[in-house]
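Worksheet for the structure shown next.
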Amino acid sequence: MEEPKSLDSLFKEKIFRIPDYQRGYAWRREQLKDFWEDLVNLSGDRSHYTGVLTLKQIPDHEIARNTKEFWLVDDHSYHVHHIVDGQQRLTTFIIFLQSFVDFITALPENKEKTVENMYVTESMSVADLESRYLFKVKPTGDQFRTYIFGYESDNPSYNYLKYRILGEEGGGSVEETFYTLNLSNAKTYFTEQFRELYEREGLQGLQEVYKKLTKRFLFNEYVIKDEFDVFVAFETMNNRGKKLSDLELLKNRLIYLTTLYSDKELDHASRKSLRETINDAWKEAYRQLGRNKIRPLNDDDFLRAHWIMYFKYSRKTGQDYIRFLLDEQFAPKKVHKKIEQDVLLETPEEVRSEQGDEDIENENGDSAEDTLPKSYSQLRPTEIRDFANSLKDSGVHWFNSFFPDLATGMSVEERQWIDRLNRIGIGYFRPLVMAVLKNVKSEKDRISLFRKIERFIFINFRMNFVMSNYGSSEFYNAARALDRGEIKTERIIAQLEERLSYTFHPDRTFRSNDFFNNLYKKFKSGSGYYGWSGLRYFLYEYELSLLSESRQKKVDWNDLLKSEKDRISIEHIYPQTETAYWATLFTDITKEHRKYYGATLGNLLLLSMSINSSLQNDSFTEKKYAKYDTSGKKIRNGYSDGSHSEIEVSQSNIWGPDQIKTRGLALLKFMEDRWSLKFKDEEREKLLFLNFEDLNGKPGIQ
């Protein structure tokens with residue numbers, strides 16, 4: 001390996017391309033901040049070692065005449081290099097330079113100048129910088145740009161880098177993903193750093209960071225000569241601060257495997273087609289994972305869920321899926337290792353010695369040696385193709401399971417049920433939901449199953465407090481069976497019902513003991529229903545039940561999550577800190593028992609907006625109506641113009657023990673109707689924890 005090279009030395013007669021097995025741009029603020037601080041803090045004549053830049057030179061004869069690189073390769077001694085390791089750093093370098101050019105050209109003193117007459121240093125113009133690091137312009141014919149650095153044309157970030165970052169005209173509508181958001185954010189980051197630096201140090205400060213980057217950021221350049229090593233090397237290399245995800249590693253592995261098959265197993269056209277299939281699959285997967293740029297989906301969560309749906313689930317460790325995919329299913333040894341084809345051989349009869357030792361022939365007259373089975377790889381190319389296509393097809397359904405409101409062709413009702421699953425905590429059911437969206441054609445059947453899953457989660461995990469992995473293996477396997485067409489939704493619904501059977505008496509009434517006992521602990525600790533993990537979801541569902549065609553939605557679920565610490569969006573109508581006003585309403589209730597009224601279900605109210613905690617001790621009459629400060633500015637809404645639940649409560653004239661109990665019973669009745677369960681008559685009041693004779697002794701519901 002040669003001595004470290006500066007960037008201005010590296011960018012000589014080279015065209016850099018990010019190959020198809022590479023990921024998109026993954027650096028975010030943390031890595032950009034490190035990069036910038038390394039640059040501005042580099043003092044004196046010191047250099048900064050940036051790492052190894054690993055390249056694979058592409059033979060000149062493989063550059064097609066119709067590519068934009070050909071004229072440079074053919075006439076100007078340029079060579080195309082694939083970046084095996086270092087693409088994140090080089091991409092950052094290019095974004096830095098383009099942001100630098102954009103900032104310099106936008107300065108007031110350069111307004112009337114051409115790029116040939118704008119200078120970034122005493123001897124280098126903007127035009128020189130662009131020609132050296134960013135692009136060459138073909139001097140004849142169409143005079144198009146050939147970029148020094150970029151993606152292969154089938155990469156989803158190809159157009160975004162060219163049109164949105166490097167500023168080429170005519171891009172039109174450009175596809176955006178999580179990775180393109182990172183490109184955009186990096187450009188914004190550097191632009192703001194340049195602005196601050198310019199205000200502080202002027203043009204001299206900008207020139208200094210440019211010189212540091214191009215002349216004192218050093219790479220060791222290593223060019224791989226053996227193509228076999230490219231894929232192996234890629235799997236073992238990490239870029240600074242951002243390790244490769246499992247999904248990125250797997251893409252590289254599958255492309256690598258396509259190079260291992262013999263020509264008999266995979267001819268040139270088929271090899272190219274398989275590689276395109278893999279690239280298309282990952283392109284679509286990343287498009288779906290990044291569709292919501294503000295809330296991108298995790299690569300490896302998707303890969304693990306798809307593994308659960310596609311292969312047989314095991315629960316040995318959390319990393320089982322990637323070990324299976326890389327070390328077993330898609331391991332190189334499965335291509336190198338050959339196994340026999342299943343062929344029918346004639347079984348010879350034993351021949352006595354006096355018959356001689358002449359060769360045995362089969363019934364067709366061929367010698368036994370001629371019928372030996374041919375060999376082929378354990379892992380067939382069709383298996384790789386099928387897996388890639390499944391991954392491609394699954395991406396949109398994975399996305400829709402998170403963001404049903406952004407799904408196309410989905411009814412309002414189905415969106416609502418998927419939204420409910422996300423609100424309640426979909427947990428280990430997401431692979432099954434993805435499999436349902438992918439494979440079940442009937443919307444009615446899909447919704448029926450989603451309803452049953454939601455009920456299963458609410459009863460098991462929100463009411464009975466069972467372990468969060470209860471039933472996980474069974475329903476992971478159901479996802480696989482559904483994807484393979486081996487099971488119907490009716491059978492999965494039956495499995496859900498069977499798993500819930502323990503919580504019902506023979507007369508089909510609900511066994512409330514687990515629900516009661518867990519709530520009892522919360523009442524003894526002082527929180528009561530306020531500390532119940534299912535409270536927000538339950539009260540939100542009750543709020544939705546009050547909607548009608550003539551009523552508008554007044555509470556958004558996301559608003560309820562903004563104050564997770566103090567839960568101020570759920571109000572104690574009868575306050576936790578009692579005032580003289582409230583004491584008069586509870587004169588018949590002992591002080592010891594009043595806390596139960598404050599913490600019971602009927603006293604808890606979902607607010608349409610956050611409320612200042614200093615106002616929560618107001619009288620019921622004051623709470624019913626909006627409150628204003630001395631200047632006439634509204635401080636808070638009143639119940640009468642709040643959520644539908646608040647409006648319902650505001651119909652009462654007073655709020656005391658009777659109202660709390662009545663509302664609590666009504667909410668339990670809603671719970672029974674909404675989740676298709678029935679409490680024993682004598683258990684409802686016990687579940688409100690207002691039966692104090694029971695609470696004084698050993699509590700319990702059998």
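Owing to the predicted nature of the structure, the values given are computational and were not obtained by experimental measurement. When reading the values below, keep in mind they use all heavy atoms of this one structure, side chains included, and skip hydrogens, waters and symmetry mates.
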Under a 3.5 Å threshold, yes or no: a donor from one side chain and an acceptor from the other, between [X] and [Y]?
X	Y	result
Thr503	Arg511	no
Tyr529	Asn603	no
Glu498	Ser501	no
Asn298	Arg304	no
Trp282	Glu248	no
Tyr537	Glu454	yes
Lys686	Ser512	no
Tyr310	Asp386	no

Side chain to side chain, Thr180 and Tyr25, heavy atoms closer than 4.5 Å: no

Would a 4.5 Å heavy-atom cut-off, applied to side chains only, mark Met309 and Arg480 as touching? no

Inspect the contact between [Y] and [X] and indicate whether a charged nitrogen and a carboxylate oxygen are less than 4.0 angstrom apart.
X	Y	result
Lys680	Asp507	yes
Lys333	Glu328	no
Arg420	Glu541	yes

Is the Lys NZ or Arg CZ of [X] less than 6.0 Å from the centre of [Y]'s six-membered ring, within 45° of the axis?
X	Y	answer
Arg430	Phe402	yes
Arg499	Tyr470	yes
Arg508	Phe504	yes
Arg291	Phe399	yes

Measure from the side-chain N and O atoms of [X] to the backbone N and O of [Y], and report whether any donor-acceptor pair falls under 3.5 Å.
X	Y	value
Arg253	Phe330	yes
Asp514	Phe465	no
Asp419	Arg415	no
Thr509	His505	no
Thr277	Ser273	yes

Can Tyr574 and Tyr597 be said to form a ring-ring contact (aromatic ring centres under 6.0 Å, His included), step by step? CA-CA 8 Å; Tyr574 164 48; Tyr597 278 94; 7.6 Å; no

Going through the checks in order, is the ring-ring contact (aromatic ring centres under 6.0 Å, His included) test met by Phe387 and His306? CA-CA 10 Å; Phe387 175 81; His306 182 266; 5.2 Å; yes

Could you go through the ring-ring contact (aromatic ring centres under 6.0 Å, His included) check for Trp398 and Phe403 one step at a time? CA-CA 9 Å; Trp398 182 249; Phe403 306 113; over 10 Å; no

Take Glu646 and Ser643, measure what side-chain hydrogen bond (donor to acceptor under 3.5 Å, both in side chains) needs, and give me the verdict at the end. CA-CA 5 Å; Glu646 291 174 80; Ser643 68; 3.1 Å; yes

Set out, in order, the CA-CA distance, both residues' side-chain angles and the distance that settles ring-ring contact (aromatic ring centres under 6.0 Å, His included) for Tyr596 and Phe689, then state yes or no. CA-CA 7 Å; Tyr596 287 92; Phe689 292 84; 7.3 Å; no

